[in-house]
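Sharing a structure with you now.
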Amino acid sequence: APAAPWAAMAFATDWQKPPRQMNSPSFHYVNSDQWRYERTYTELARAVCTSARAHGAQVLLNADPACVAEVGAAGVHLNTHRLMQLSQRPLPNDCWVAASCHNAAELQHAMRIGCDFVVLGPVQPTASHPGAACLDWPGLHALCEVATLPVYALGGMTGDDLDAAW
């Protein structure tokens with residue numbers, strides 16, 4: 001009898017073993033009902049694109065380029081992460097491909113894969129990206145000089161900046 005308590009302590013048999021091969025992301029995905037929102041995004045995007053076409057407008061999705069054809073969007077707007085993962089234009093030439101860029105390397109990559117236009121910034125400090133490195137006007141002008149595609153500046157600008165923009 002004295003051996004049983006010793007063995008339990010020596011081999012920690014009174015402890016429960018940790019679960020093996022626990023798949024936390026899938027558990028969260030299913031149990032948080034996250035799966036419901038993916039279908040909702042596609043349905044919402046399809047409805048927005050249908051309404052936009054009826055009024056002569058076009059929609060660019062900030063989503064996976066594969067979703068564009070599925071919902072009937074006019075193109076895609078690539079965030080920096082998606083942009084830098086691509087080695088070529090993700091859609092045919094009859095679809096818009098835009099990208100968010102923040103520096104020369106991202107701008108060069110957008111030009112290399114054949115984007116139609118980029119948004120570049122932030123030019124000035126902005127509440128939407130606190131602490132982000134700003135291009136400032138000389139930096140924006142320098143990048144626009146080497147760009148071979150339309151560039152739309154954004155971030156922290158006001159009507160008072162029109163003279164500096166030109």
Notebook entry, point to check: Got a donor-acceptor contact below 3.5 angstrom from the D64 side chain to the A66 backbone?
Noted result: yes
Next item on the list: Fit a plane to each ring of F117 and Y152, take the angle between them on a 0 to 90° scale, and name the class: parallel (under 30°), tilted (30 to 60°) or perpendicular (over 60°).
Entry: perpendicular
Item checked: Value rounded to 0.5 Å, distance of CG in L86 from CD1 in I113 -> 5.0 Å
Notebook entry, point to check: Is any side-chain heavy atom of L120 closer than 4.5 Å to a side-chain heavy atom of L135?
Noted result: yes
Note to self: Could you measure the distance from the CZ atom of R112 to the CD atom of Q88? Nearest 0.5 Å is fine.
What the structure shows: 13.0 Å
Note to self: Testing the basics here: between V59 and C49, what is the closest heavy-atom pair and its distance to 0.1 Å?
What the structure shows: CB-SG, 3.9 Å
Margin query: I need the N79 CG to M84 CE distance, nearest 0.5 Å.
Written below: 11.5 Å
Next item on the list: Answer whether the closest heavy-atom distance between the side chains of L83 and C115 falls below 4.5 Å.
Entry: yes
Checklist line | Residue pair T158, Q124: steps toward the side-chain contact (heavy atoms from CB on, under 4.5 Å) verdict | finding: CA-CA 10 Å; T158 68; Q124 303 287 4; over 6 Å; no
Checklist line | Flag, side chain of D116 to backbone of A98, donor-acceptor distance under 3.5 Å | finding: no
Next item on the list: Show the numbers, then the answer: is there a side-chain contact (heavy atoms from CB on, under 4.5 Å) between W96 and V68?
Entry: CA-CA 10 Å; W96 290 101; V68 169; over 6 Å; no
Next item on the list: Would you tell me whether H81 and Q85 have side-chain atoms, one donor and one acceptor, within less than 3.5 Å of each other?
Entry: yes
Note to self: Applying a strict under-4.5 Å side-chain criterion to I, L, V, M, F, W and Y, I'd like to know whether L44 and L60 cluster together.
What the structure shows: no
Next item on the list: Could you go through the side-chain contact (heavy atoms from CB on, under 4.5 Å) check for V71 and V48 one step at a time?
Entry: CA-CA 9 Å; V71 302; V48 168; over 6 Å; no
Next item on the list: Start with the C-alpha distance between L91 and V76, add both sets of side-chain angles, then the distance that settles side-chain contact (heavy atoms from CB on, under 4.5 Å), and finish with yes or no.
Entry: CA-CA 8 Å; L91 296 172; V76 68; 3.6 Å; yes
Next item on the list: Of all the heavy-atom pairs spanning D161 and G156, show the shortest one and how long it is.
Entry: OD2-O, 4.0 Å
Item checked: H102 side chain near P122 side chain, heavy-atom distance below 4.5 Å -> yes
Notebook entry, point to check: Roughly how far, to the nearest 0.5 Å, is the CG atom of L154 from the OG atom of S128?
Noted result: 8.0 Å
Checklist line | Contact summary for A165 and W137, nearest pair of heavy atoms | finding: CA-CZ3, 3.6 Å
Margin query: Within this structure, what is the CE-CG distance for the pair M157 and L140, rounded to the nearest 0.5 Å?
Written below: 7.5 Å
Check: Quick one: does P65's side chain get under 4.5 Å of L78's, heavy atoms only?
Finding: yes
Note to self: Show the nearest heavy-atom pair for residues A110 and C101, with the distance to one decimal.
What the structure shows: CB-SG, 4.0 Å
Next item on the list: Using side-chain hydrogen bond (donor to acceptor under 3.5 Å, both in side chains) as the criterion, point out the one residue from H77, R82, E106 that pairs with S100.
Entry: H77
Next item on the list: Would you check if the side chain of T50 reaches a backbone N or O of R46 as a donor-acceptor pair within less than 3.5 Å?
Entry: yes
Margin query: Using every non-hydrogen atom in the two residues, find where G155 and T126 come nearest and quote the distance to one decimal.
Written below: C-CB, 4.1 Å
Next item on the list: State the CG-NE2 distance between N103 and H109, to the nearest 0.5 angstrom.
Entry: 12.0 Å
